[in-house]
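Reviewing the structure listed below.
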Amino acid sequence: MKLKKVFQRLFPILAVIGPGIISGSVDNDAGGIATYSVAGASFGYSLLWVLFLTTFALAVTQEIGARMGLVTGKGLASLIREKFGVRWTTFIMAVLFIANIGTIAAEFAGIAAALEIIGINRTISILLGFLSVYLLINKGNFKKLERIFLLTSAFYLVYFLSALIAHPNWPLAFHSLITPGLQFNKGFLLTVIALIGTTITPWGQFFIQDYVVDKKLSKEDLKVERGDVFFGSFITNFISFFIIVATSATLFAHGIRINDAKDAAIALQPLAGSLASLLFSFGLLNASIFGAALVPVSTSYVISEAFGFESGLDLKFYEAPEFYTLFSLLLIVGASLVIIPFIPLLGILFVSQAINALLLLPVLIFLYLLSNDKKLLGNYRNTNLINIVVLVTFLAIAASALAYFISQFIG
Amino acid sequence: MIYLSQFLNKPLYRKRRYLGDVVDFIISPDKKSPNITKVLLNKFGKKRLILFNLITFDPKLDTFLLKSKRVLSVEADKKDLYLKEDILDKQVIDTYGKRVVRVNDIVLTQDYKAYGIDIGFAGVLRRLGFKRFLGLKTVILPWLLIETFDYQTGDLKIKLSGAGLNTLHAAEIADILESVGTKERMGVVQSLNPYKAALALEESDKNTQISVIEEASPKELREIIRNLETSEMSEVFYFLNIEKQLEIKRLLGKKKSKELRRVSSFSKNVAGGLMNPVFEQIADTFTLAQTLKVLTKRVINPEAIFIVDSKKRYRGTIYLKDLIHKDPSVILKKVISDKHHVTEKASFKEVLHIFSENRLRVLPVLNSLQRVVGIVSIEDVFDRLEEVKQIHET
């Protein structure tokens, strides 16, 4: 009876938590694994400070999304449409569409890279991946699969273990976490941008708000939900930290650069030995398939919400034609970009994250304006500290992009 | 047919002198087809309202022209509805189609009366400047049919003909509650009569129920609790925040709180968790005439009543339909329709078996003293079957 009372007191909390953790877990998708691996392998620990700062930026931007969803009960696309009208909505939806084509292409690149490790040809793996994802969306039970994904995400713990076994330079790693260091070369700057873009994604911003709205959480749940998103952000980058440390200790330390997924798998050798490639392949495939299913569906929901289309996987095609057309288009274009043989998979995985960061800039502007709107949020508007974090994030991306652009000419 | 988007943000001139941009149009919503009464003028950030009949639109110049000599500002009225601020791009409820749609444009008659709203994608394309809409049909909802929301004050502005929502089936209203934003959701709840609101809430998903209960003001909460079945409340009670739980207990009073606790203490897999503690029981010595007299005082007549002896022990069930053409002087214990019953701990499987074998519509739930503590209806059984099916699917 006492135990029942304890559970009954916990129910309100348990009913709230989830969106932040799921949103954070999905951040460690194929693009994420690739970007962190490249960061660690190419630059050792020197980009850990970027990860540290983006953790705060992620927590803040996700909190804003969750807060706006809780207070208004509406998704970000809905708020943009109602506040700024159809033209700006079309612009931001176009931005989201393009960014997510890149993300979906990265997920398919992840599928291809994962299966390439075990010797499956790219074309076949893309086709298999496409069919699997399509069936997953149309025939599968999304909620069940979401739980399976979260369970199999336990795979990321292998990086934690691998990093411990690899005996990295922990003092240097922790020192690098809090000591900024810049290198003015193209590779470094692009990696900075990609690191930000893989952590704080345009679609992730729409996703967290929609998820909170879907759960119909209210203002009373704000405290608990804040805890949920902060924890989710921490967990995401906790894992990312160990991916970078593991790749630094195994690849960077021995001057091994990542050219394909097989190279990235070396990071798991301290733990898994000769099975490292298989283990990495499994983890990457898991992350990629789920990402390839989730991103097109959530994008279609967002765009449908913005333009008032009927949407829902429980509807038939003729009941929601725009919704089904959108996610089919996203899948087809995303997969097509990757099926071309000479396009480097790792390149797609990495560059798509950098593009995400750049396309995040307009999303941050709308986020800033809406979250400071007195009429919309009343006393739940941003504090000065939150505004500073958003502005700094914006400036950091813009400055990195500008520096990268300049470096193209300097050489 | 003309559209609001054709006139928005067009400049106003008087003899080549720029007076500002017309950024919004105001109507008084209390009519079937309300006409535009004022416009909102914006000149370099300074806004003012002027009467619509003082301006005219010149399609050749694509501008508005002031007919009077001076620009005379008018006061705002609380009842005014701003077409761009309050309606355009917002969600509205199509009570005709029983769905939530988005306003892509507003359709006006040639004499500038609100005719309806364009909810089709053609409206979006028109506003983006695409004159050829790839053959897309314009989908117009007549103004009469929509329930609108006011965002300026956060208060709900429902049209006076807003009985529309109350005519919808509870399940349809539940769909609407599940798909609108928080403010709109509470606005819909406020515009429904309390009984309808409770029915709609019962049909809604758990998250919507929790959201409405948590957002409800004390007055709204009182109405909800009065009309919501205890078994429904018990399903969400422990998911509410602690303050709301305490408020509900206070509003319920001791007896009903005890009932709520009792119902909540049982799982949904037993009769005790399925039952509704609200039922009608009459002494077995009552005559039919006396019984009917008691029932006429009730707001809602039950489908069946339970007959109890002097110690309030269950004796049988009478369906009201079985009392038609019966002698009013007959004593109830002589016209019992059915005697099936279950205990609080009876499994759902057992309950289902009894219902299906005996084609029952209601089943009393008895405690250890053989007294009726609740009633399980066939609808409760169907609802539980649906829940079980959904659980298996997830």
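Note that these values count all heavy atoms, side chains included, but never hydrogens, waters or copies made by symmetry. A note on names: the letters A, B, ... follow the listed sequences, proteins ahead of strands, and every chain is numbered from 1.
Both the backbone and the side chain of B:Glu214 come within contact range of chain A, each with at least one heavy atom under 4.5 Å from a heavy atom of that chain. When heavy atoms are compared at a cutoff of 4.5 Å, A:Lys83 does not approach chain B at all. Using a 4.5 Å cut-off between heavy atoms, B:Phe121 touches chain A through its side chain atoms alone. Proximity to chain A (any heavy atom under 4.5 Å) is shown, for B:Val212, by neither the backbone nor the side chain. No part of B:Ile213 comes within reach of chain A, as not one of its non-hydrogen atoms sits under 4.5 angstrom from that chain. Looking at B:Glu243, neither its backbone nor its side chain comes within 4.5 Å of chain A, counting heavy atoms on both sides. Only the side chain of B:Asp205 comes within less than 4.5 Å of a heavy atom of chain A; its backbone N, CA, C and O stay farther away.
Salt bridge absent: A:Asp228 and A:Lys215 never bring a charged side-chain N and a carboxylate O closer than 4.0 Å. A:Glu82 has a carboxylate O that lies under 4.0 Å from a charged side-chain N of A:Lys74, or vice versa, which qualifies the two as a salt bridge. Between A:Glu305 and A:Arg81, none of the side-chain N atoms (NZ, or NE/NH1/NH2) sits under 4.0 Å from a carboxylate O, so this pair counts as no salt bridge.
Between A:Phe323 and A:Phe309, the closest side-chain pair of non-hydrogen atoms is not below 4.5 Å.
Evaluation of the side chain to side chain donor-acceptor pair (under 3.5 Å) rule for A:Asp210 yields no partner, not counting sequence neighbours.
Side-chain contact of A:Asn382 with A:Arg67: a donor-acceptor pair under 3.5 Å is present, judged by distance alone.
Relative orientation of the A:Phe207 and A:Trp203 rings is perpendicular, given thresholds of 30° and 60° on the angle between their planes. Taking the six-membered ring for Trp and thresholds of 30 and 60 degrees, A:Phe84 and A:Phe366 have ring planes more than 60 degrees apart, a perpendicular arrangement.
Between chain A and the residues B:Thr182, B:Asp89, B:Leu88, the most heavy-atom pairs under 4.5 angstrom are made by B:Asp89. In terms of heavy-atom pairs under 4.5 angstrom with chain A, the leader among B:Lys244, B:Arg102, B:Glu178, B:Lys84 is B:Arg102.
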Exercise for review: Take B:Asp118 and B:Arg127 through the test salt bridge (Lys or Arg N to Asp or Glu O under 4.0 Å) and record every step on the way to the result.
Suggested key: CA-CA 11 Å; B:Asp118 183 350; B:Arg127 286 176 63 196; over 6 Å; no
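Residues of residues 86-94 of chain A lying within less than 4.5 angstrom of chain B, judged on heavy atoms, are A:Val86, A:Arg87, A:Thr90 in numerical order.
Without hydrogens or angle criteria, B:Asp21 side chain to B:Asn42 main chain gives no donor-acceptor distance under 3.5 Å.
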